[in-house]
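To keep things clear, I will list the structure first and then write my remarks on it.
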Amino acid sequence: MSGGHGHGDSQVNSGPKGSDTHKHKDKHKDKDHRHKDHKKDKEREKFKHSNSEHKEHSEKKHRDKEKLKHSDGSSDKHREKHKEKDREKRREEKVCCVASYSDIKPKKKTKDKKVTEGKKGKKEEEEKWKWWEEERYTDGSKWRFLEHKGPVFAPPYEPLPDKVKFYYDGKPMKLSAPAEEVATFFAKMLDHEYTTKEIFRKNFFKDWRKEMTSEEKSKITDLNKCNFSEINEYFKAQSEARKQMSKEEKQKIKEENERLLQEYGFCVMDNHKERIGNFRIEPPGLFRGRGDHPKMGMLKRRIRPEDIIINCSKDSKHPKPPPGTKWKEVRHDNKVTWLASWTENIQGSIKYIMLNPSSRIKGEKDWQKYETARRLKKCVDRIRAQYREDWKSKEMKIRQRAVALYFIDKLALRAGNEKEEGETADTVGCCSLRVEHVKLYPKMDDQEYVVEFDFLGKDSIRYYNKIPVEKRVFKNLQLFLENKQPEDDLFDRLNTSILNKHLQELMDGLTAKVFRTYNASITLQQQLKELTSDDSIPAKILSYNRANRAVAILCNHQRAPPKTFEKSMQNLQSKIDEKQNQLSAARKQLKAAKADHKASHDDKSKKAVEVKRKAVQRIEEQLMKLQVQATDREENKQIALGTSKLNYLDPRISVAWCKKWGIPIEKIYNKTQREKFAWAIDMAEKDYEF
DNA sequence: CACCAGACTTGGCCGCACTTTA
DNA sequence: TAAAGTGCGGCCAAGTCTGGTG
């Protein structure tokens, strides 16, 4: 966004027709602006008016007035409130427009209004566009105008220097460029454990041979006779050299990256410059799935312009393919959000280039997601009563559905779509649970009807849990397990499509994953209420993290303990010890000073007491901070908070909490997160209820 | 209803830049 | 000033869910 120059007011969220209304006026304004820079402020005044007018009138022609289902009463109120606030603000403050894309080429009708603010802006603070205060498309279209420069391709392969050799059966062998490139992929991975795995090696070797010349193919027949170590060393040396680069060299690289970002990292969608999420195409390499993946080691091929489908609006300046190449296709589909796509060769799935989470299109969807979860909150009691009733159903199908839903609700399990066998790692979710994944214990310790879950979920993360369930559920499970083999489905009459269809009937927009969102968010809210007390800021933040942690545990967001965990924990502990020593020393001094004062009663000794008292206080605070840090870290050893924070917790809960307790939002959300949740930060007040 | 392509969200890991510490 | 520690963002895989088709 550092482009510095905003676009004309007419650009703000104007559709083709919308611009018409103000065409005349805007044109004048532009001229004025160009020629009379010193009248900036006046111009801005004009801009404000035309902008808000514009909003009022033209916008609604393009975006249906009807509120989408996600805006329930309370958020409408927020909306209104903020709209009003914003208007006021605009009246009082400078306003600067958002879109600023030097190459923008909007509709002819609006053409004359663009590129007018080059001079304005720069140092002015850019007002962020508040898309959440605007109407949304209700006709299923995602945008009216879309322009971008296409993806950035992976750098071409650079052949190895001649001195770096590959050896086959002990003898050096020069490889053809394609074969050499694939060999380097393997060589780079030599230190990883998976290059020793049979499947990995088999897949790799098979795909590697496809890249070889027939001569190479006939020669190289056994991977075990291949020696890549020189190549491996070479790349290690390279990365070492990169680290040793001078400041200037590093700076240069940084600048080049920044240039690329500025050129390719943004697009214009509906007159706003928006950040693209992933504008670089994935480079070729060896596929490494997660867990026990049958396709690990396969060659992920290089993506060429001929593989890419470009999506942009007809009236935009289309991205140019690299010289001498062509796109696979250029299409203009405004029912989707992606800018480019291609088919990946491992799974045959489609990959996309899409916008950053801070963009309007992602933000709206995110907001909508939480609104759906809030609607679930309103009817969850009914739904729970319903599935409990269904445990008694005469129909097996309904019973299974009811028990599965109970797990999804209570344990926040994922839906569990079926997957093609042999194509991916063997992982399951609720509906795809197999007999072997659950164990029933009528009695365990002092609890009755305990179910033990043990399975690999998404990303092959293990889910292990023992929970007591209601007797009815237990009896049902026994029934489902009857006469089945370990590899049979637990819910043999159920799949995600049946389940979701049922959920859809219970509530509009309800699917299995809404329960995860709902339960995560409601847990956070509840935990925050329970844990936060009027304490120091670090203590409150610890409470926040604990609430967050409760959610992460519910959602089973685990991580491998950081490699340096033990050590850094020790370091922290020794710091604490040291601080403790400091503290007792300081206390002694304080005591001595007090005694001194008692004896002498003079001013000087009185001052000394005060100084010492302050010192003790300061050290106490430091110590407390360290202890809190240690607790937090210890508790967080195997828990990953990021995913829930980013995907499951209604950000307005956190924002409200910050406001309520006077915590700066920066303590909870870093910069990126603040960008993603700008809508929530702007609209949630301290009394927000999920 | 099964099957599949397509679109979009969710997910953990890891390298790297940046900061802190010795 | 170098080594160690840390947080972030990129990477890219793996889910969910929808809608079309036969």
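Naming: A, B, ... by sequence-line order, numbering from 1 per chain. Just so we're clear, the structure is a prediction, and the values are computed from it rather than from any experiment.
In terms of phosphate contacts, A:R559 brings no side-chain nitrogen or oxygen within less than 4.0 Å of OP1 or OP2 of B:dC14. Side-chain nitrogen and oxygen atoms of A:T643 include at least one within less than 4.0 Å of the OP1 or OP2 phosphate oxygen of B:dG12. Between B:dT10 and A:K513, a contact under 4.0 Å exists linking OP1 or OP2 to a side-chain N or O. Neither OP1 nor OP2 of B:dA7 sits under 4.0 Å from any side-chain N or O of A:K142. One finds a side-chain N or O of A:R633 lying less than 4.0 angstrom from the OP1 or OP2 phosphate oxygen of C:dT6. Contact annotation: A:T424 side-chain N/O to C:dA14 OP1/OP2 distance is not under 4.0 Å. Distances shorter than 4.0 Å separate none of the side-chain N or O atoms of A:T337 from OP1 or OP2 on B:dA7. The phosphate of C:dG15 has neither OP1 nor OP2 within less than 4.0 Å of any side-chain N or O from A:R516. Proximity of A:R414 to the phosphate of B:dG11: a side-chain N or O atom is located under 4.0 Å from OP1 or OP2. Contact check, A:K254 against B:dC16: no side-chain N or O comes under 4.0 Å of OP1 or OP2. Using a 4.0 Å cut-off, no side-chain N or O of A:N647 falls inside it from OP1 or OP2 of B:dT9. Residue A:K671 places none of its side-chain N or O atoms closer than 4.0 Å to OP1 or OP2 of C:dG7. A:Q347 has no side-chain polar atom (N or O) that falls below the 4.0 Å cut-off from OP1 or OP2 of C:dA13. Close to B:dT10, at under 4.0 Å from its OP1 or OP2, lies no side-chain N or O of A:H557.
Here the side chain of A:K362 is nearest to one of B:dT9, C:dT16, C:dT18, namely B:dT9. Listed candidates were B:dC8, C:dG10, B:dT10. Nearest to the side chain of A:R275 is C:dG10. Listed candidates were B:dC8, C:dG15, C:dC17. Nearest to the side chain of A:T427 is C:dG15.
Between A:D426 and A:R434 a salt bridge is recorded (basic side-chain N to carboxylate O distance below 4.0 Å). We find that A:D459 and A:R290 are joined by a salt bridge, their nearest charged nitrogen and carboxylate oxygen being less than 4.0 Å apart. With salt bridges taken as basic N to acidic carboxylate O contacts below 4.0 Å, none links A:D207 and A:R301.
The residue among A:K243 and A:K335 whose nearest nucleotide of DNA chain B lies closer to the 5′ end is A:K335. Comparing A:S497 and A:K458 by the nucleotide of DNA chain C that holds the closest heavy atom to each, the one mapping nearer the 5' end is A:K458. Each of A:K300 and A:G416 was assigned the nucleotide of DNA chain C with the nearest heavy atom; the assignment lying further toward the 5' end belongs to A:K300. Residue A:I361 is the one, among A:H192 and A:I361, whose nearest nucleotide of DNA chain B lies closer to the 5' end (criterion: closest heavy atom).
At whole-Å resolution of the value, CD in A:Q638 and C1' in B:dG12 are 14 Å apart. Going from atom CG of A:N500 over to atom C1' of C:dT16 covers 8 Å, rounded to whole Å. Rounded to an integer number of Å, the gap from NZ of A:K419 to C1' of C:dG15 is 8 Å. If you measure from atom CG of A:N334 to atom P of B:dA7, you get 13 Å, rounded to the nearest angstrom. Rounded to whole Å, atom C1' of C:dC12 lies 14 Å from atom CG of A:N345. Atom-to-atom, CD of A:Q251 to P of B:dC16 comes out at 17 Å; the value is rounded to the nearest Å. Spacing between atom OH of A:Y194 and atom C1' of C:dC12 amounts to 12 Å, rounded to whole angstrom units. Taking atom NZ of A:K351 as the reference point, atom P of C:dA13 lies 4 Å away to the nearest angstrom.
Side-chain contact between A:F287 and A:N203 is absent, with no heavy atoms from C-beta onward closer than 4.5 Å.
Contact of A:R290 with C:dA14 (side chain to base): no donor-acceptor pair of N or O atoms is detected under 3.5 Å.
Contacts of A:Y352 with the nucleic acid, taken as non-hydrogen atoms under 4.0 Å apart, include base atoms. The residue A:I461 sits close only to the backbone: its heavy atoms come under 4.0 Å of sugar-phosphate atoms, none of a base. Nucleic acid contact for A:P283: sugar-phosphate only, since backbone atoms but no base atoms lie under 4.0 Å from a heavy atom of the residue. Nucleic acid contact for A:T672: sugar-phosphate only, since backbone atoms but no base atoms lie under 4.0 Å from a heavy atom of the residue. Counting non-hydrogen atoms under 4.0 angstrom, A:A425 reaches nothing in the nucleic acid. Backbone-only contact: A:N670 has heavy atoms under 4.0 Å from sugar-phosphate atoms and none from a base. A:K250 comes within 4.0 angstrom of no nucleic acid atom, judged by non-hydrogen atoms across all strands.
Checked against the 6.0 Å centroid threshold, A:Y370 and A:F690 do not count as a close aromatic pair. Between A:Y464 and A:F453, the gap from one ring centroid to the other reaches at least 6.0 Å.
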If you apply the rule side-chain contact (heavy atoms from CB on, under 4.5 Å), what do you find for A:E147 with A:S313, and how did you get there? CA-CA 7 Å; A:E147 178 168 283; A:S313 55; 5.6 Å; no
Could you go through A:T496 and A:N417, starting from their C-alpha distance and side-chain angles, then the distance that decides it, and tell me whether this counts as side-chain hydrogen bond (donor to acceptor under 3.5 Å, both in side chains)? CA-CA 6 Å; A:T496 53; A:N417 286 310; 2.5 Å; yes
